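Predicted model only: the values in this text are computed from it and were never measured. The first residue in the sequence is number 1, and the count goes up from there.
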Amino acid sequence: MCKKCGKSITQVSISRSSTCEFCGADLHSCVNCKFYSPGSHYDCHETIDELVKDKEKANFCDYFSVAKIDGGVGGSAQSKSDQAKAAFSALFG
């Protein structure tokens with residue numbers, strides 16, 4: 001799911017220039033990566049060599065892998081409150 005708007009990502013392949021079809025946010029970014037972990041070294045579970053300053057902007061990280069969120073946030077039946085709770089849980093466990 002897009003961490004900015006909470007909608008499900010329908011793109012199969014995500015490149016550095018991919019953007020969310022709903023809000024236009026960069027998808028190949030730290031906040032959308034399964035290795036993103038605030039508080040870890042450089043906020044990443046991988047052993048990256050260089051700090052990525054803006055975690056919401058597209059980057060060239062070779063370790064990038066789309067974060068999978070159980071429950072599929074973004075469906076029209078979910079309330080904004082449920083979407084916000086799911087996004088918070090995804091970021092902070």
Side-chain angles (χ1 to χ4, degrees):
M1 78 177 214
C2 173
K3 295 292 174 96
K4 184 169 184 179
C5 69
K7 303 279 186 179
S8 294
I9 298 170
T10 58
Q11 297 176 12
V12 176
S13 176
I14 295 180
S15 67
R16 183 187 181 281
S17 61
S18 296
T19 57
C20 176
E21 61 187 289
F22 302 102
C23 69
D26 293 329
L27 293 179
H28 193 287
S29 62
C30 293
V31 295
N32 287 318
C33 181
K34 74 177 185 179
F35 299 116
Y36 179 62
S37 177
S40 296
H41 180 67
Y42 291 147
D43 295 329
C44 186
H45 277 298
E46 282 296 328
T47 54
I48 59 174
D49 297 326
E50 191 173 316
L51 173 67
V52 176
K53 290 181 183 179
D54 193 341
K55 307 293 188 204
E56 294 184 11
K57 295 290 182 188
N59 59 57
F60 292 101
C61 183
D62 292 330
Y63 294 112
F64 177 81
S65 182
V66 179
K68 305 279 191 245
I69 306 299
D70 293 334
V73 172
S76 57
Q78 276 191 314
S79 71
K80 292 276 186 185
S81 175
D82 290 339
Q83 289 179 358
K85 287 177 187 176
F88 180 85
S89 293
L91 285 174
F92 302 105

Nearest non-hydrogen partners of [X] and [Y], listed with the distance:
X	Y	result
S13	S18	O-OG, 4.1 Å
C5	F22	SG-CB, 4.1 Å
I9	C2	CG1-N, 3.6 Å
Y63	F35	O-CE1, 3.1 Å

>> Within this structure, what is the SG-NZ distance for the pair C30 and K3, rounded to the nearest 0.5 Å?
In response: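 Output value for this atom pair is 11.0 Å.
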> Roughly how far apart are I14 CD1 and N32 CG, rounded to 0.5 Å?
Replying inline: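 Answer rounded to 0.5 Å: 7.0 Å.
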>> Among residues at least two apart in sequence or on other chains, which ones pass ring pair (Phe, Tyr, Trp, His ring centres under 6.0 Å) with F64?
In response: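 Result, ring pair (Phe, Tyr, Trp, His ring centres under 6.0 Å) vs F64: H28.
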Got a list of side-chain donor-acceptor pairs under 3.5 Å for residues 44-61, not counting sequence neighbours?
unit_1, atom_1, unit_2, atom_2, d
H45, NE2, S37, OG, 3.2
D54, OD1, E56, N, 3.1
K55, NZ, Y42, O, 3.3
K55, NZ, V52, O, 2.7
N59, OD1, C61, N, 3.1

>> Just to verify, what does S17 make a side-chain contact (heavy atoms from CB on, under 4.5 Å) with, not counting sequence neighbours?
In response: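 Testing S17 for side-chain contact (heavy atoms from CB on, under 4.5 Å), a comparison that skips the adjacent residues, returns S15.
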> Do the non-hydrogen side-chain atoms of L27 and T19 ever get within less than 4.5 Å of each other?
Replying inline: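 Answer no - side chains too far apart.
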